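Quick note: numbers below take in every heavy atom, side chains included, and nothing from hydrogens, waters or symmetry partners. When a ligand or atom number is given, it counts from 1 through the structure's own listing order. Everything quoted here is computed from the prediction, not taken from an experiment.
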Amino acid sequence: MTSEPVDPDLASRRLAHEALEQDDPTGWFERLYSAASEGAAVLPWDRGAAHPLLLDWVATAEPHGAGQRALVVGAGTGWDAELVADQGYDTTAFDISPSAVETAERNHPDSKATYQVADLLNPPAEWHRAFDLVVEIYTVQALPIPLQPEATAHVADFVRPGGTLVVIAAARDDNTPDSSVDGPPWPLTRAAIHAFTTPDLKLIQLERTPSPNDPTLHRWRAEYLRD
Ligand SMILES: C[S@@+](CC[C@H](N)C(=O)[O-])C[C@H]1O[C@@H](n2cnc3c(N)ncnc32)[C@H](O)[C@@H]1O
């Protein structure tokens, strides 16, 4: 019997579909990270570096994080959290998967960031309006569409008055119906990007750029500011 390499996207989608069938929409992340840490799977989203759109935001905005707190949502293997911590922020990075947290800590043994397990759908109460910078990359879109409004509201709630939220997500045309999206991921419509706003959390910049790997796919980078 010969074994053939498995497409990492297909492998993760299979795990996701099994979890969704068991009404456990987030259970597959731990299974995937755990398999990846044993070399038995590949994380399709692991870039081995910070997201280029976050790198570009840092280069342009030149944030000064000294004395400020940052939160990185669904931090995965930690590359974005490291970039944020390198800007001087007191950085907390969380993920629902304990194996993701272990992998991030292993990847970054000298990290200034604090990695912890937490659930975006049930976050610690003390994170309410507690962070000067919140970074969300590809977590909301990894959740089934019915869960996205709740996840979006929690992300927005982490931002303290005067604070900034940066969201990077795959883009979906507004006229593509939810029912035709076979996630994960479930990319975000323009309306879903606007859903991070509240009366005091305003969208101040929105860009839609083609993916370098596939120019037919687009990504959002959105920046919000809380009054
Ligand atoms: C598509 S991956 C993106 C990871 C990372 N942000 C990146 O861009 O490389 C989605 C991440 O969100 C995490 N995640 C999914 N649901 C979550 C939840 N409810 N709370 C916290 N993390 C979650 C997953 O474990 C995974 O690391």
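Nearest protein neighbour of atom 24 (C) of ligand 1, counting heavy atoms only, is Phe29 CD2, 3.3 Å. Of all protein heavy atoms, the one lying nearest to atom 5 (C) of ligand 1 is Gly74 O, 3.2 Å. Counting only heavy atoms of the protein, atom 10 (C) of ligand 1 lies nearest to Tyr138 O, 3.6 Å. The protein atom (non-hydrogen) at minimum distance from atom 20 (N) of ligand 1 is Leu120 N, 2.8 Å. For atom 25 (O) of ligand 1, the closest non-hydrogen atom of the protein is Asp95 OD1, 2.6 Å. The single protein non-hydrogen atom nearest to atom 23 (C) of ligand 1 is Ile96 CG2, 3.6 Å, given as residue, atom name and distance.
For Glu136, the closest heavy-atom approach to ligand 1 does not fall below 4.0 Å. Residue Ala151 places no heavy atom under 4.0 Å from ligand 1. The closest approach between any non-hydrogen atom of Trp79 and ligand 1 is not below 4.0 Å.
Contact check for Arg221 versus Pro52: no side-chain heavy atoms found under the 4.5 Å cut-off. At a threshold of 4.5 Å between non-hydrogen side-chain atoms, the residues Val181 and Gln141 do not count as touching. Within the 4.5 Å cutoff, the side chain of Asp24 has heavy atoms near those of the Arg31 side chain.
For Leu143, every heavy-atom contact with ligand 1 shorter than 4.0 Å involves the side chain, none the backbone.
Heavy-atom minimum distance, Asp174 versus Ala191: OD1-N, 3.6 Å.
Considering backbone and side-chain N/O of Thr26, none are found under 3.5 Å from N/O of ligand 1.
Listed for the Arg226 side chain is a donor-acceptor partner under 3.5 Å among the backbone atoms of Ala156. The main-chain N or O of Ala100 is never found under 3.5 Å from a side-chain atom of Asp95 such that the two would form a donor-acceptor pair.
Every atom of ligand 1 with a heavy atom of Arg47 under 4.0 Å away is listed here by number and element: 7 (C), 8 (O), 9 (O). Taking every non-hydrogen atom of Gly76 and a distance limit under 4.0 Å, the qualifying atoms of ligand 1 come out as 27 (O). If you number the atoms of ligand 1 from 1 as listed, the ones under 4.0 Å from a heavy atom of Tyr33 come out as 25 (O), 26 (C), 27 (O). For ligand 1, the atoms sitting less than 4.0 Å from at least one non-hydrogen atom of Ala118 are 20 (N), 21 (C), numbered in the order shown with element in parentheses. Applying the 4.0 Å criterion to heavy atoms of Asp119 picks out, from ligand 1, the atoms 18 (C), 19 (N), 20 (N).
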What pairs of donor and acceptor atoms, side-chain ones from residues 33-45 against any protein atom, are under 3.5 angstrom apart with sequence neighbours left out?
residue, atom, partner, partner atom, Å
Tyr33, OH, Trp45, NE1, 3.0
Ser37, OG, Ser34, O, 2.8

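A distance of 8.5 Å separates CG in Leu147 from OG1 in Thr26, rounded to the nearest 0.5 Å.
Classified by interplanar angle (parallel below 30°, tilted 30° to 60°, perpendicular above 60°), the ring pair Phe131/Phe158 is perpendicular. Using cut-offs of 30° and 60° on the angle between ring planes, the pair Tyr224 and Phe196 is tilted.
The closest heavy-atom contact to atom 6 (N) of ligand 1, among the options Leu147, Thr103, Thr139, Ile137, comes from Ile137.
Taking the six-membered ring for Trp and the full ring otherwise, His51 and Trp79 have centroids separated by 6.0 Å or more.
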